[in-house]
Amino acid sequence: MKVGILDSTLREGEQTPGVVFTTEQRVEIAKALSDLGVAMIEAGHPAVSPDIYEGIKRIIKLKKEGEIRSEILGHSRAVKKDIETVAELEADRIAIFYGISDIHLKAKTRNTREEALQIIAEMVSYAKSHGLKIRFTAEDATRADLQYLVEVIKTAKNAGADRIGIADTVGILYPTKARELFSYLTKEIPGVEYDIHAHNDLGLAVANSLAAVEGGATIIHTTVNGLGERVGITPLQTVAAAIKYHFNIDVVKLELLPKISSMVEKYSGIPTPPNFPITGDYAFIHKAGIHVQGILNDPRSYEFMPPETFGRTRDYVIDKYTGKHALKDRFERLGVNLKEEELEQVLAKIKSNPSVRFYRDVDLLEIAEDVTGKILKPRPPE
Ligand code: AKG
């Protein structure tokens with residue numbers, strides 16, 4: 001199985017409502033993505049605004065100087081002006097998209113299917129004549145007529161595209177359908193490689209991306225923290241972890257995921273929920289007594305992989321759900337030895353205060369002092 005990541009935080013991710021990256025931030029994110037090891041970076045749509053143009057220019061300079069190693073893509077409508085802009089920037093590859101469902105043809109370009117085929121052929125050839133490597137993306141491919149999608153792909157391939165992006169633009173794909181679609185396309189039109197661009201409107205973007213890979217897609221589009229239009233696209237950290245678990249492939253340096261997630265959280269201003277997979281604050285925090293007992297004996301009981309794989313550490317919280325094992329462990333970690341009956345009394349106090357969300361170490365020590373009648377000295381932190 002062959003699979004890599006194209007990260008589009010700088011293009012799709014900046015299409016999240018309220019998100020604007022400065023040029024400096026754009027360059028920093030690109031460097032971090034390259035260090036992470038993504039195969040491709042979709043650096044932006046340069047025709048959108050001068051600052052995006054400038055950001056891509058600086059990223060391409062760093063690529064030429066060897067500081068960035070991923071392939072750099074410039075995004076483009078199927079119009080000459082956009083294509084010329086990407087060519088002028090000397091991006092490694094252009095990504096040209098065109099909405100090919102009847103809904104898109106009617107609502108946006110107002111072209112017939114035949115006219116659209118002609119435009120796709122002309123614009124892909126035009127990009128080719130500028131010496132660019134080309135990905136052609138069939139936008140809204142999953143709502144398009146399948147036989148027309150096949151014609152579109154053949155047209156783009158014959159005009160010079162060596163990669164085809166299949167965009168699930170409104171996120172309605174379903175894993176079994178994703179696998180079927182990519183199996184069909186890779187057999188029907190070989191000689192090109194396929195990308196999956198999955199929106200997350202139904203929360204299925206990760207599942208659809210994995211299924212697409214099973215069907216033959218070789219590149220998954222992601223954004224850090226799942227940013228993007230509406231509810232975003234496949235989150236990089238979740239899909240990378242899922243690929244590790246299910247296929248045992250390291251698509252990126254997994255231990256660097258928290259760093260890039262925090263960086264993008266800060267620059268985008270979009271907070272990552274604590275219960276976000278892999279990089280959320282609670283991703284490796286346990287709570288119920290029986291869970292904590294399990295992880296203290298064998299972490300595999302409630303963890304799909306060790307948190308260290310992803311640069312994280314495990315912990316547990318203390319509240320009314322806590323059991324004796326967790327409490328004993330917590331006091332031992334603090335260097336405080338309590339007798340069995342003292343522990344039980346502390347636990348009873350905790351359980352009689354059900355509205356407390358988290359007991360901090362200092363709260364626990366206070367309760368223990370109350371129970372034992374002694375001043376307790378915790379071990380100083382190492
Ligand atoms: C979408 O359809 O949502 C896209 O952003 C497609 C554009 C592309 O992948 O080039």
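Just so you know, ligand 1 is whichever comes first in the structure, and atom 1 is the first atom listed for that ligand. Hydrogens, waters and symmetry mates are skipped; everything else that's a heavy atom, side chains included, is used.
- A cation-pi arrangement is present between Arg113 and Tyr148 under the rule of less than 6.0 angstrom and at most 45 degrees off the ring axis.
- Assignment of Gln15 to the shell around ligand 1 is not supported, since no heavy atom sits closer than 4.0 Å.
- The nearest protein atom to atom 4 (C) of ligand 1, hydrogens excluded, is given as His197 NE2, 3.4 Å; this is a heavy-atom distance.
- Close contacts of ligand 1 with His75, meaning ligand atoms under 4.0 Å from a residue heavy atom, involve 7 (C), 8 (C), 10 (O).
- For the pair Asp315 and Val317, the minimum side-chain heavy-atom distance is 4.5 Å or more.
- Within a 6.0 Å sphere centred on CD of Glu188, heavy atoms belonging to other residues, nucleotides or ligands number more than 12.
- Among protein heavy atoms, the minimum distance from atom 3 (O) of ligand 1 is reached at His199 NE2, 2.8 Å.
- Contacts with ligand 1 closer than 4.0 Å are made by no heavy atom of Ala95, backbone or side chain.
- Between Asp140 and ligand 1, no pair of N/O atoms sits closer than 3.5 Å.
- The cationic atom of Arg314 (NZ for Lys, CZ for Arg) does not lie both less than 6.0 Å from the six-membered ring centre of Tyr302 and within 45° of the ring axis.
- Among Val239, Thr222, Ile243, Ile220, the single residue meeting the side chain to side chain contact (heavy atoms under 4.5 Å, CB included) criterion with Val206 is Val239.
- Judged by the shortest distance from any of its heavy atoms, Glu229 lies outside the 4.0 Å radius around the atoms of ligand 1.
- Taking the six-membered ring for Trp and the full ring otherwise, the centers of Tyr194 and Tyr184 sit at least 6.0 Å from each other.
- Polar contact with ligand 1: absent for Glu42 (N/O pair, distance under 3.5 Å).
- Proximity annotation for atom 9 (O) of ligand 1: of Arg135, His45, Arg230, Arg135 comes nearest, heavy atoms only.
- The nearest protein atom to atom 2 (O) of ligand 1, hydrogens excluded, is given as Thr169 OG1, 2.5 Å; this is a heavy-atom distance.
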Quiz item: Would Tyr282 and Lys287 satisfy side chain to side chain contact (heavy atoms under 4.5 Å, CB included), going step by step from the backbone distance to the final call?
Solution: CA-CA 10 Å; Tyr282 299 165; Lys287 172 163 159 169; over 6 Å; no

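- Remark: ligand 1 atoms within the under-4.0 Å shell around heavy atoms of Glu139 are 2 (O).
- Salt bridge absent: Asp162 and Lys128 never bring a charged side-chain N and a carboxylate O closer than 4.0 Å.
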